[in-house]
Amino acid sequence: MLRPLLRATYVALLLHRTRTAAQDAASTCQQIASAISDASAVFYNPDPSYLADIAHYATSSTDESVCSVEPGTAEDVGTILSILDSSQTPFGVKGGGHASNPNFSSSTGVQISMYRLNRIDYDSSTGTVAVGAGNVWDNVYSALEPYGVNVVGGRVSGIGVAGFTLGGGYSWLTNQYGLALDSVRGFELVLPNGTVTDVTESAYPDLFWGLKGGYNNYGIVTTFTLQAYPQGQVWGGQLIILGEYIDQVNVATANFAANVTDPKAQIIATYDYEEGALLAAVMLFYDAPSQPAGIFDEFLAIPALSANISTRSFLSLVQVEPTTTSESMRGFSNTVPFEEITLPLLETIVAQLEYWGAALSNSSAALLSYDVEPFLPSILTHGGPSAYPWTRDQRFLPFNMGFFWTDAQYDGDFYEAIVESSRNLTDTAVQEGQTQVPSAPLYPNYALFGTPVGSMYGESLAEMTMLKQTYDPQNVMGLTGGWKVTG
Ligand SMILES: Cc1cc2nc3c(=O)[nH]c(=O)nc-3n(C[C@H](O)[C@H](O)[C@H](O)COP(=O)(O)OP(=O)(O)OC[C@H]3O[C@@H](n4cnc5c(N)ncnc54)[C@H](O)[C@@H]3O)c2cc1C
Ligand SMILES: *[C@@H]1O[C@H](CO)[C@@H](O)[C@H](O)[C@H]1NC(C)=O
Ligand SMILES: *[C@@H]1O[C@H](CO)[C@@H](O)[C@H](O)[C@H]1NC(C)=O
Ligand SMILES: *[C@@H]1O[C@H](CO)[C@@H](O)[C@H](O)[C@H]1NC(C)=O
Ligand SMILES: *[C@@H]1O[C@H](CO)[C@@H](O)[C@H](O)[C@H]1NC(C)=O
Ligand SMILES: *[C@@H]1O[C@H](CO)[C@@H](O)[C@H](O)[C@H]1NC(C)=O
Ligand SMILES: *[C@@H]1O[C@H](CO)[C@@H](O)[C@H](O)[C@H]1NC(C)=O
């Protein structure tokens with residue numbers, strides 16, 4: 001028998017433990033609201049700010065949190081983290097909200113939205129730009145345009161600076177300057193214990209390395225200092241091509257991938273299956289006001305349903321109207337790290353698209369999209385060591401598979417299908433001699449949840465785990481989702 005006082009304590013403890021998570025988070029929200037400065041604010045459902053804070057590109061990545069908080073200073077981020085730690089409240093950290101994995105940047109506890117940290121300060125004396133972690137790339141391109149400079153960022157509209165950069169970042173400028181993370185000169189980081197730190201290659205070489213691929217494992221980044229590069233008008237845009245001409249798209253894409261060596265030239269060949277039909281949306285890019293003869297001729301010779309191609313600003317190219325829209329749909333992505341893009345591989349990609357398109361089209365408005373992204377063999381020579389990719393001996397191509405649907409009851413079907421299709425394409429690549437594909441680094445910004453972290457971080461994982469023990473011994477960042485190096 002427990003003595004009365006002890007029993008009372010025991011009962012109180014039990015009651016404490018069985019209080020619902022929502023009640024706990026509600027009091028955490030109040031605690032945060034009373035501790036943060038006027039620069040920051042807490043919101044509740046259905047405040048429009050709350051709804052914007054929890055929103056994601058894929059609705060399956062949105063969770064209804066108990067409250068959202070928009071920190072306006074790095075110090076407030078530290079205060080918030082300390083409260084979340086002491087109350088052990090689950091939280092999500094959102095930049096642009098483009099994560100295609102559930103709860104990577106959302107939570108049923110507290111949603112942190114970096115939205116207010118939106119500075120974009122170009123320093124012409126250092127040739128760098130300080131970019132707040134709440135920005136999307138559109139804002140950055142727009143702000144830099146008057147200075148005639150640009151940064152290595154996203155290729156379509158709406159992507160967040162934070163997740164994109166912390167996970168890698170394949171850009172229209174990658175052939176010339178490397179990944180987005182190769183352009184980072186410094187991070188302002190709020191450590192898991194709430195301390196605001198400036199991470200640079202000289203001040204914290206270990207964290208500088210680990211943040212390049214390590215997302216939220218070591219704290220919350222509030223500002224990225226990025227290298228700026230000269231930028232003028234560009235040439236390019238989008239071609240929409242009907243399924244009957246898909247063979248010509250395959251040939252043009254294989255030839256471009258094998259033959260084009262000009263680092264200013266790039267394409268994304270997207271193969272879509274929507275409403276029973278196959279089509280291609282090909283983005284063409286050249287980093288000058290006009291294209292040199294020859295490079296894109298094969299694409300331009302294919303009869304197009306529509307073409308939106310011109311000399312334009314970088315921002316205008318990034319904002320070319322998408323024809324297929326996946327907004328307000330559930331969505332998962334996955335990836336296969338190809339060594340090269342060949343014609344037989346493209347033919348299998350199309351066959352897979354048709355197979356899964358038909359198999360899944362009974363499951364609530366399926367849209368399937370496979371993005372073929374050729375890059376030069378030299379792209380990893382533009383930067384130093386980073387947690388991702390764990391080897392720079394050879395570059396692998398970040399092929400993206402995107403599956404979208406509307407009804408949550410089919411989540412499991414789409415998960416299995418995208419895994420199955422990536423397995424087919426991995427096996428296909430191996431059969432044609434791409435033997436390193438099964439052990440190559442998977443791109444963490446495209447990989448499907450459930451993928452072992454070792455498949456992305458490989459030989460970096462041991463060092464990343466040590467970093468985690470050094471900077472987050474209490475596992476504060478274990479309260480939030482994402483690719484976790486321990487746990
Ligand atoms: C339509 C579309 C187009 C895309 N195009 C490209 C492309 O061209 N090239 C490419 O490389 N990738 C592309 N991606 C993938 C994209 O890079 C990832 O989805 C990326 O993670 C998005 O960043 P975000 O800030 O929008 O995401 P979020 O969902 O906000 O965050 C993603 C992850 O980063 C973490 N995180 C966010 N902010 C911080 C912070 N301040 N500190 C620490 N951790 C943080 C989150 O917790 C989460 O784990 C695309 C995705 C979509 C949906
Ligand atoms: C995150 O989502 C995945 C997939 O739905 C689930 O398995 C996992 O338990 C979730 N984690 C948290 C912390 O909610
Ligand atoms: C590369 O270019 C040559 C000459 O134009 C062409 O014959 C060839 O098919 C192209 N593609 C590949 C994969 O070599
Ligand atoms: C072409 O893309 C631009 C965005 O860059 C858009 O404003 C314009 O409406 C598009 N034109 C057509 C004909 O779709
Ligand atoms: C991949 O799928 C295609 C059909 O989409 C099939 O013809 C091929 O045999 C499969 N390949 C492998 C290696 O499983
Ligand atoms: C859709 O079709 C697939 C394959 O034919 C089948 O496995 C699945 O159960 C079907 N789903 C529904 C909801 O009918
Ligand atoms: C927070 O962590 C950093 C890095 O481990 C350490 O230098 C600093 O002293 C810690 N601050 C506090 C207040 O514990």
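Order of listing sets the numbers, starting from 1, for every ligand and every atom in it.
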Looking at [atom], what's its closest protein heavy atom, distance included?
atom	value
atom 4 (C) of ligand 4	Q319 O, 3.4 Å
atom 5 (O) of ligand 4	S316 O, 2.6 Å
atom 12 (C) of ligand 5	N424 ND2, 3.4 Å
atom 13 (C) of ligand 7	T195 OG1, 4.0 Å

| query | Out of T225, L144, N150, which one pairs with V129 under the side chain to side chain contact (heavy atoms under 4.5 Å, CB included) rule? | reply |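 Option passing the side chain to side chain contact (heavy atoms under 4.5 Å, CB included) with V129: L144.
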| said: Would D427 count as a polar contact of ligand 5, with the cut-off being nitrogen or oxygen pairs under 3.5 Å? | reply: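 No.
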How about [X] and [Y]: does a side-chain donor come under 3.5 Å of a side-chain acceptor?
X	Y	result
Q266	D287	no
D138	Q319	yes
D206	Y218	no
Y443	E373	no
Y215	N445	yes

| Roughly how far, to the nearest 0.5 Å, is CD1 of I295 from CG of N255? |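 CD1 of I295 is found 13.5 Å from CG of N255.
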| Heteroatom distance test (Y471, ligand 7): nitrogen or oxygen, under 3.5 angstrom |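 No - when backbone and side-chain N and O of Y471 are compared with those of ligand 7, no distance drops under 3.5 Å.
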| task | Would you indicate which of L315, V320, N308 comes nearest to atom 2 (O) of ligand 4 when only heavy atoms are counted? | result |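 Residue with the shortest heavy-atom distance to the ligand atom: N308.
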| message | On a heavy-atom basis, I'd like to know which of D472, V196, T470, N193 is closest to atom 11 (N) of ligand 7. | response |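 Minimum heavy-atom distance to atom 11 (N) of ligand 7 goes to N193.
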| query | Would a search of protein heavy atoms around atom 9 (O) of ligand 7 find one under 4.0 Å away? | reply |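 Protein heavy atoms within 4.0 Å of atom 9 (O) of ligand 7 - there are none.
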| Taking every non-hydrogen atom, the tightest pair across M401 and I418 |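 That would be O-CD1, 3.7 Å.
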| task | Without swapping roles, check the side chain of K94 against the backbone of Y115 for a donor-acceptor pair under 3.5 Å. | result |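 Here the side-chain-to-backbone pair does not exist.
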| field | For A351, the ligand 5 atoms whose distance to one of its heavy atoms is below 4.0 Å | value |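 Once the distances to A351 are compared, the set is 5 (O).
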| Numbering the atoms of ligand 5 from 1, which are under 4.0 Å from a heavy atom of Q431? |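 Matching atoms, with element in brackets: 13 (C).
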| Which bit of R423 is near ligand 5, meaning a heavy atom under 4.0 Å away: side chain, backbone, both or neither? |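 Answer for R423: neither.
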| request: Show which atoms of ligand 4 fall inside a sub-4.0 Å distance from at least one heavy-atom site of R312. | output: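 The atoms of ligand 4 under 4.0 Å from a heavy atom of R312 are 1 (C), 2 (O), 3 (C), 5 (O).
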